[in-house]
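Okay, so here's the structure we're looking at.
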Amino acid sequence: MIIAVDFDGTVVEHDYPKIGTERPHATEVLRKLMEDGHKLILWTVREGPLLDEAINWCMERGVQFASINESIYTDHREHAPSRKLHADIFIDDCNIGGPWDWELVYRMIHENLSYRAILREIRTQSKQQASTQETSKKKRRWFGF
């Protein structure tokens, strides 16, 4: 898959024009995605020296992008290149629901799970935990064990 990844607010916390602190597991997950054979595109508003800074920051952490701010595939037609980015998935802090937990992002991509499937799983686990707690309360009675 081709995965476009935003930088500020997604890979790192917002601190533009500085580079914020890394969001938990961001570069670890990006490296795993690369190992799994996915192509990564850095899709950011940064340009010039600020973009170079972000690229170098990622490279120092083992994250190499197949492309920066443009599609991997070039358009061989005669007209000007399109700014429309070809990607299968976009990882961005402006997604519905805001920034995602990177371990969840990896799981969704690696296991081909939808957001709906993840929510269903979370609800099921929550109900099971509530049921377990209720059962343990019933067993204790007034003796406390």
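The structure presented is a predicted model; accordingly, all values stated were derived computationally and were not measured.
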(request) List the atom of D93, the atom of G9, and the distance in Å for their closest heavy-atom pair. (result) CB-O, 3.2 Å
(request) Just jot down the side-chain contact (heavy atoms from CB on, under 4.5 Å) partners of D88, sequence neighbours excluded, or say none. (result) M1, I2
(message) Using 0.5 Å steps for rounding, measure from the CG atom of L42 to the CD atom of Q64.
(response) 12.0 Å
(request) Answer yes or no: is there a donor N or O on one side and an acceptor on the other, between the side chain of R31 and the main chain of R61, under 3.5 Å? (result) yes
(request) Report the distance from atom CZ of R23 to atom NE2 of H14, rounding to the nearest 0.5 Å. (result) 9.0 Å
(request) Treat each ILVMFWY residue as a node, draw an edge where side-chain heavy atoms are under 4.5 Å apart, and state whether L33 and I55 are in one component. (result) yes
(message) Please say yes or no: joined through hydrophobic side-chain contacts below 4.5 Å, possibly via intermediate residues, are I41 and L50 part of one cluster?
(response) no
(message) With a 4.5 Å cut-off on side-chain heavy-atom distances among I, L, V, M, F, W and Y, is there a chain of contacts connecting F65 to V45?
(response) no
(message) Strictly distance-based, threshold 3.5 Å: is any side-chain N or O of T124 a donor or acceptor partner for the main-chain N or O of R120?
(response) yes
(request) Measure from the side-chain N and O atoms of E22 to the backbone N and O of T27, and report whether any donor-acceptor pair falls under 3.5 Å. (result) yes
(request) Heavy atoms only: give me the nearest M34-G62 pair and the separation to one decimal. (result) CE-O, 3.3 Å
(message) On a heavy-atom basis, which atom in M108 and which in S114 lie closest, and how many Å separate them?
(response) CE-C, 3.9 Å
(request) Calculate, to the nearest 0.5 Å, the distance between atoms CD and NE2 belonging to E103 and H110 respectively. (result) 13.5 Å
(message) I need the minimum non-hydrogen distance between R107 and I118, along with the two atoms involved.
(response) NH1-CD1, 3.6 Å
(request) Consider only side-chain heavy atoms of I, L, V, M, F, W and Y, link residues closer than 4.5 Å, and tell whether W57 and Y16 are in one cluster. (result) no
(message) Main chain of C94, side chain of D92: is a donor-acceptor contact present, judged purely on distance under 3.5 Å?
(response) yes
(request) Check whether any side-chain heavy atom of L30 lies under 4.5 Å from a side-chain heavy atom of W102, and answer yes or no. (result) yes
(request) Check A54 against R46 and note the closest heavy-atom contact, atom names and distance. (result) CB-CD, 3.7 Å
(request) Please report the shortest heavy-atom distance between D15 and G20, naming the atom on each side. (result) CB-CA, 3.7 Å
(request) Kindly compute the distance separating OG1 (T10) from CH2 (W43), expressed to the nearest 0.5 Å. (result) 13.5 Å
(message) Distance check, rounded to the nearest 0.5 Å: D52 atom CG versus N56 atom CG?
(response) 6.5 Å
(request) Check whether more than 12 heavy atoms from other residues, nucleotides or ligands sit under 6.0 Å from atom CD of E121, and answer yes or no. (result) yes
(request) Please tell me if the side chains of V29 and I109 come closer than 4.5 Å, counting only heavy atoms from C-beta onward. (result) no
(message) Quick check on the hydrophobic clustering: are V12 and Y106 connected, directly or via other members, by side-chain heavy-atom contacts under 4.5 Å?
(response) yes
(message) Rounded at 0.5 Å granularity, tell me how far CG in N69 sits from CG in L51.
(response) 6.0 Å
